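Data block below; observations after.
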Number of protein chains: 2
Amino acid sequence: MTKTTLVSLADSLGVSRQTISNVINAPHRVKPETRARVEAAISASGYRPSAAARQLRTRRSMNLGLRLMPVHDGINGSILDRFLHALTETAQRDGYRLTLFCADSDADEIHQYEELLQVSDIDGFVLTGTHHGDQRTAWLLDHDVPFAAFGRPWNDAEDPRRSRHAWVDVDGGAGTAEATAAFLDDGHASIGFLGWPAGSGAGDDRRAGWQRTLAAAGVAPGRIQELTASIDDGVQTGAVAARHLIAAGATAIVCVSDSLALGAAMELRRAFPGVPAAVTGFDDTPVAAAVGLSSVAQPIEAAARHAVAVLTHQLAETTTGGAGVPAPEQHLLLPAALVRRTPYPLDTGIPTAGTP
Amino acid sequence: MTKTTLVSLADSLGVSRQTISNVINAPHRVKPETRARVEAAISASGYRPSAAARQLRTRRSMNLGLRLMPVHDGINGSILDRFLHALTETAQRDGYRLTLFCADSDADEIHQYEELLQVSDIDGFVLTGTHHGDQRTAWLLDHDVPFAAFGRPWNDAEDPRRSRHAWVDVDGGAGTAEATAAFLDDGHASIGFLGWPAGSGAGDDRRAGWQRTLAAAGVAPGRIQELTASIDDGVQTGAVAARHLIAAGATAIVCVSDSLALGAAMELRRAFPGVPAAVTGFDDTPVAAAVGLSSVAQPIEAAARHAVAVLTHQLAETTTGGAGVPAPEQHLLLPAALVRRTPYPLDTGIPTAGTP
DNA sequence: TCCGACTGTTTGATCGATCAAATTACTTGT
DNA sequence: ACAAGTAATTTGATCGATCAAACAGTCGGA
């Protein structure tokens, strides 16, 4: 049995290839009875149009590109899992597929864009890990490439809401603010913050949420300065940094990630035995849930779905010419939610401290 | 400036399109000087052949398919991250790209194969999460679709080494065996095992490693039976099941995953205060490293690289006709390595037990 | 000198779809 | 009843590459 193609199907039906093409791409142009007959034949033969032929003619591949960030940067671990899954699933529902690629740097990523656009006619990209002075968005805008970013544009000068490109993000700052406020309510006066080194957009935003909450509560700027640390992600680094914050008087700690929070929890437990560790993490990873760590949860699936929706809408528009369905929100800030958990006392006896 | 194409480049050089095509696909057929001239022109113009046109003619897309497993099945979390990354990177180096797709079930996955093959001319697939009675491998073999599996074929009857399809796997059984032996050496007599419900291939293999080590040490079959539990993944479930094993006399526990191990560690610490928790996990996740949990590490990047190597070799072979580079190992069992860590005493005071 | 073998290059056909324009069929108004 | 207009369908050209076969140029040997 030979492969069914437009022509072979047309011949066997006694109609022209274009009619079949129309049934698929512009059904309204075909007389209802003809359409029904063709549709029946299509499903009977299991005909599927060739992506390559279509792509060659239309210059559209129905493929979306996504750079896989190096392990342990930005969204990682189980968050990546959830994000990827939602992205793939949504794209698939809309007839798109996801193509992955790696890049060493933003410059390399841009180079990959060129390659993917020229060679594979990738229709658009999903960006993650936006940061200050991001070259990528500028390049994509300059070249009229459709894309949606997960992460706001972080150019201080500009209001994200006026950005020329579409983005979805989670209001991490509001999340850490909520966590900080909760600790204030609990009676904590010195609340520390463990964050990543400045420059990572999302990380800075989360720190800002904590900062403005303390400032609003009347904590002196100098004091705020003393209560924060900027370190790379990790449980060990978190523990070490937490020790310093505790030495500086912190009785509660808000963290930019669950890893750091786990480390901080150990130190808080040691410093204040008996008292539940006052600490919150970020991302609400399974570990946090398991260990009973409070954490700021991101609606990551919703973010992924929206990113795809924005992107596919943009793509549909360039084809149809603007009519049709209303555009989804171009700048969407989703709320993060603090998940409060009964703070189990944690004690993992880091060796350096010499627990029995 | 118009897009450079084979013809436009050929015209500007005064040669025919086929010559340029040859320079790219069969350089040996072109006279060295012509070749040099063409190559210079290619890099000067930044010409890249269109994937669609090439795909239409050759019926090869240079795309590999990978099903994204539902979150929390098989390889998950940070393991997925590492696996995906290595896969994408290796594929990219070999000129392939990775296309993701979702499926609800194995049957649905097979349905996606058909779609992807017919529509997108996907060249081959990488399979994960092989299990008993896997329909997918049979289908792919029947349809002569190139693929490489991460995971052995688990048909009890058959010797994996004789399997008709290529696979890479990690010897999880050897890993748990090593862990079990280590506990025996430490003087433990009753070593429990926390595993997943039977049927998951990898999970059963890991249990078998523990089982045969105990049997070899002279533990009665009935006793072995008492020392194992089959449960779904998770820290809480691990803690609960561990409590039962401890009640049954276990003083050390080997686990099929780090999540379960984390739960088990809490319970062991409670049952035997002061003594370092005798527990090992699996996958050597960042959490295990951070918390000081011993764990069996999988060389997941190596596995991914090998899977791609096998697949690309297979693909190259069907084109060139069999000559060229020697075939990589078709059935490769990579060693797992027990990472022993100073077992920090863990105590997370699960509420139900009522720690002060 | 002429033929066959080989090397290097070019030409025509093709992959399977869509676009744009041409053709035919069917209404409708006057 | 006929021109004009619209609806439905068909035809020719095209996207950009590779395949297969034809074509020229070189060389050694009879």
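Note that the structure is predicted; figures quoted are calculated from it, not measured. Labels below follow one simple rule: chain letters A, B, ... track the order of the sequence lines, proteins then strands, and each chain is numbered from 1.
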Please check the phosphate of D:dT14 (OP1 and OP2 only) for any side-chain N or O of A:Arg57 closer than 4.0 Å.
no
Picking from D:dT9, C:dT10, C:dA17, which would you name as closest to the side chain of A:Lys31?
D:dT9
Distance, rounded to the nearest Å, where A:Ile20 contributes CD1 and D:dT11 contributes C1':
15 Å
Expressed as a whole number of angstroms, how long is the span from B:Leu13:CG to C:dT10:C1'?
15 Å
Salt bridge between A:Arg67 and A:Asp106, side-chain N to carboxylate O under 4.0 Å?
yes
OP1 or OP2 of D:dA8 under 4.0 Å from side-chain N/O of A:Asn22:
no
Heavy-atom nearest nucleotide on DNA chain C taken for A:Tyr47 and for B:Val30; more 5' hit belongs to B:Val30
Whole-Å distance, A:Arg37 CZ to D:dA8 P, equals 15 Å
Go through D:dT18, C:dT9, C:dC19 for me and flag the one nearest to the B:Gln18 side chain.
D:dT18
For the CZ atom on B:Arg48, are there more than 12 heavy atoms of other groups (residues, nucleotides or ligands in this structure) within a distance under 6.0 Å?
no
Heavy atoms from C-beta onward define the side chain here; which of C:dA17, D:dT9, C:dT9 lies closest to that of A:Ala53?
C:dA17
Do A:Gln92 and A:Tyr96 get their side chains close enough for a donor-acceptor pair, meaning under 3.5 Å?
no
From C-beta outward on A:Thr5, which listed nucleotide comes closest to its side chain: C:dT10, D:dA8, C:dG16?
C:dG16
Any side-chain N or O of B:Arg48 less than 4.0 Å from the OP1 or OP2 oxygen of D:dG16?
no
Atom-to-atom span, CZ of A:Arg29 to C1' of C:dA21 - whole angstrom:
12 Å
Is there a donor and acceptor pair closer than 3.5 Å between the side chain of B:Arg17 and the base of C:dT10?
no
Does A:Thr58 place a side-chain N or O at less than 4.0 Å from the phosphate oxygens OP1/OP2 of C:dA17?
no
Tell me, yes or no, whether the heavy-atom count around B:His143 atom NE2, taken from other residues, nucleotides or ligands under 6.0 Å, exceeds 12.
yes
Rounded to the nearest Å, what distance is computed from the CZ atom of residue B:Arg60 to the P atom of nucleotide D:dA17?
18 Å
Between B:Ser21 and D:dT18, is there a contact of a side-chain N or O with OP1 or OP2 at under 4.0 Å?
yes
Could you go through the ring-ring contact (aromatic ring centres under 6.0 Å, His included) check for A:His131 and A:Trp154 one step at a time?
CA-CA 6 Å; A:His131 52 260; A:Trp154 296 102; over 10 Å; no
Rounded interatomic separation in angstrom, taking CG from B:Leu56 and P from C:dT18:
12 Å
B:Ser50 side chain N/O closer than 4.0 Å to the phosphate oxygens (OP1, OP2) of D:dG16?
no
Minimum-distance nucleotide (side-chain atoms of B:Thr19 versus D:dA8, C:dT9, D:dG16)
C:dT9
Within less than 4.0 Å of OP1 or OP2 of D:dG16, is there a side-chain N or O belonging to A:Arg59?
yes
Is it true that, when you exclude B:Gln135 itself, more than 12 heavy atoms of the residues, nucleotides or ligands shown sit nearer than 6.0 Å to its CD?
no
Here the distance between atom P of D:dA8 and atom NE2 of A:His28, to the nearest Å, is 10 Å
Whole angstrom is fine here: how far is it from NZ in A:Lys3 over to P in C:dC15?
12 Å
